[in-house]
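As structure tokens, the structure follows; a few thoughts come after it.
Order of the sequence lines fixes the chain letters, A, B, ..., with proteins taken first and strands second; residue numbering starts at 1 for each chain.
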There are 2 protein chains.
Amino acid sequence: MIDPPDQPHTLETLTAALRAAGIRVTRQRAALLRVLAQAVDHPDAPELQKRAEGDVPGISLSTVYRTLATLEAQGVVLRHQFDGTSARFEPAQSTESGHHDHMIDVDTSEVIEFCSDRIEQLQAEIAAELGYEIVHHRFELYVRKARARD
Amino acid sequence: MIDPPDQPHTLETLTAALRAAGIRVTRQRAALLRVLAQAVDHPDAPELQKRAEGDVPGISLSTVYRTLATLEAQGVVLRHQFDGTSARFEPAQSTESGHHDHMIDVDTSEVIEFCSDRIEQLQAEIAAELGYEIVHHRFELYVRKARARD
DNA sequence: GCTTTCTTGCAAATCATTCGCAACTGGCTT
DNA sequence: AAGCCAGTTGCGAATGATTTGCAAGAAAGC
Ligand SMILES: [Mn+2]
Ligand SMILES: [Mn+2]
Ligand SMILES: [Zn+2]
Ligand SMILES: [Zn+2]
């Protein structure tokens with residue numbers, strides 16, 4: 001797991017960190033890092049492949065999956081498994097705020113990010129009360145636009 | 001979707017409700033309903049098949065999956081997709097308290113149930129604030145036994 | 001530049017879950 | 001009690017996202 005960034009991770013610091021971890025920064029990995037850094041959404045593997053082909057024309061889907069697994073293991077990307085869809089990815093420090101959770105509009109599939117310190121706080125308390133500490137969590141709200149209040 | 005139970009669902013009321021919904025209560029479905037009602041854990045499909053074979057020796061895995069899908073559509077069972085495992089199931093009103101969420105011990109795979117009104121409350125507020133209403137949610141804590149405080 | 005080791009692309013394999021279909025059977029109708 | 005028939009079942013084959021084996025290719029370090 002790569003050290004928490006002193007400066008926000010730039011492509012350069014990231015590349016260096018990976019290399020230091022004995023992970024070669026190949027053209028395909030560099031491309032995926034760039035594509036992920038630019039993503040404002042939560043793309044899946046085929047979509048990332050499509051976007052990376054701008055940099056590396058023949059990049060294979062296997063490589064995309066393998067790279068995502070590697071980057072996930074390094075703590076550089078996050079994998080989300082929303083209901084009934086294939087895995088979606090995002091850079092680990094997407095929002096500089098760091099951690100956030102997701103709302104999925106069940107009608108449009110739009111993904112909305114949010115974060116509640118209160119909830120994060122409560123989670124820890126609940127776990128602690130039962131004698132556990134949280135390793136990670138999954139918190140997803142499947143929502144629908146509210147009917148206008150009448 | 002079957003009406004919320006006036007009395008807690010017994011096998012009898014459930015059977016009647018299903019029949020009323022035009023769903024035949026076959027031997028295999030009755031067996032699965034019983035097995036689910038007795039489950040104190042969160043079994044997956046092959047495990048449910050194993051347990052149902054006491055009642056219906058040759059019950060097929062396809063039927064187990066099909067029945068679970070049917071019961072889920074009727075709001076009688078819940079399907080959980082915990083990280084990296086196959087789907088697990090439980091009766092919808094498992095705890096009479098009704099809704100609850102889950103903690104998964106990442107070391108032992110043990111599943112612990114919990115419920116926090118505060119968190120349920122906050123969820124609704126967060127969604128409402130963004131103009132949404134919650135259809136359903138997924139809230140899972142992946143945990144590890146806390147190191148004894150020293 | 002040369003070597004070693006890690007990576008890639010391709011095709012084939014996984015694996016949980018779903019499906020097609022012919023045989024079967026609940027539950028209602030006579 | 002017997003018959004009917006749409007809903008169900010068991011079987012095997014299909015799915016589809018993700019993973020893997022392997023031979024050829026390319027980062028780093030020397
Ligand atoms: Mn996000
Ligand atoms: Mn439960
Ligand atoms: Zn969170
Ligand atoms: Zn909840």
Verdict with reasoning, B:Glu113 to B:Asp101, per side chain to side chain contact (heavy atoms under 4.5 Å, CB included)
CA-CA 6 Å; B:Glu113 306 187 330; B:Asp101 294 296; over 6 Å; no
Give, ordered by number, those residues of residues 30-38 of chain B having at least one heavy-atom distance below 4.0 Å to an atom of DNA chain C; if nothing qualifies, reply none.
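Going residue by residue through residues 30-38 of chain B, none turns out to have a heavy atom under 4.0 Å of DNA chain C.
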List for me each residue that meets salt bridge (Lys or Arg N to Asp or Glu O under 4.0 Å) alongside A:Arg118, sequence neighbours excluded, and say none if there are none.
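Checked A:Arg118 against salt bridge (Lys or Arg N to Asp or Glu O under 4.0 Å); zero matches.
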Results of salt bridge (Lys or Arg N to Asp or Glu O under 4.0 Å) for B:Asp83 - residues two or more places apart only:
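Residues passing salt bridge (Lys or Arg N to Asp or Glu O under 4.0 Å) with B:Asp83: A:Arg138.
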Rounded to whole Å, how long is the line connecting atom [atom1] of [X] with atom [atom2] of [N]?
{"X": "A:Tyr65", "N": "D:dG16", "atom1": "OH", "atom2": "P", "answer": "13 Å"}
{"X": "B:Arg29", "N": "D:dG10", "atom1": "CZ", "atom2": "P", "answer": "11 Å"}
{"X": "B:Leu68", "N": "D:dT9", "atom1": "CG", "atom2": "C1'", "answer": "15 Å"}

Do NZ/NE/NH1/NH2 and the carboxylate oxygens of [X] and [Y] come within less than 4.0 Å?
{"X": "B:Glu47", "Y": "B:Lys50", "answer": "yes"}
{"X": "B:Asp105", "Y": "B:Arg144", "answer": "no"}
{"X": "A:Arg34", "Y": "A:Asp55", "answer": "yes"}

Base, sugar-phosphate, or nothing: which does B:Ala87 touch, judged by heavy atoms less than 4.0 Å apart?
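Touches sugar-phosphate only.
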Just checking A:Arg19: base, sugar-phosphate only, or nothing, at a heavy-atom cut-off of under 4.0 Å?
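Counting heavy atoms under 4.0 Å across all strands, the contact made by A:Arg19 is with sugar-phosphate only.
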Determine: side-chain N/O of A:Arg24 to OP1/OP2 of D:dA26, distance under 4.0 Å, yes or no.
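No, outside the criterion.
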Residue of the set A:Arg88, A:Glu90, A:Glu140 for which side-chain hydrogen bond (donor to acceptor under 3.5 Å, both in side chains) holds with A:His102
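The residue from A:Arg88, A:Glu90, A:Glu140 that satisfies side-chain hydrogen bond (donor to acceptor under 3.5 Å, both in side chains) with A:His102 turns out to be A:Glu90.
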Partner residues of A:Asp41 under the side chain to side chain donor-acceptor pair (under 3.5 Å) criterion, sequence neighbours left out
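Applying side chain to side chain donor-acceptor pair (under 3.5 Å) to A:Asp41 gives A:Arg51.
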If you pin B:Val25 and A:Val64 to their nearest nucleotides in DNA chain C, which one's is more 5'?
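The 5'-side residue here is A:Val64.
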For the ring pair A:Tyr142 and B:His137, is the centre-to-centre distance below 6.0 Å?
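No, they do not, as the ring centres are separated by 6.0 Å or more.
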Are B:His80 and B:Phe89 close enough that their ring centres sit under 6.0 Å apart?
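No: the rings miss the under 6.0 Å criterion.
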B:Ile126 CD1 to A:Phe114 CZ distance, which is reported to the nearest 0.5 Å
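It is 5.0 Å, given to the nearest 0.5 Å.
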Scan residues 50-63 of chain A against DNA chain D and write down, sorted by residue number, each residue with any heavy atom closer than 4.0 Å; if none is found, say none.
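Contacts with DNA chain D under 4.0 Å: A:Ser62.
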Determine whether any donor atom in the side chain of B:Arg66 lies under 3.5 Å from an acceptor atom in the base of D:dG10, or the reverse, and answer yes or no.
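Result: at least one qualifying N/O pair found.
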Using a 4.0 Å cut-off to any heavy atom of chain B, which nucleotides of DNA chain C are the first and last in contact, reading 5' to 3'?
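Taking any atom under 4.0 Å from a heavy atom of chain B, the span is C:dA16 to C:dG27.
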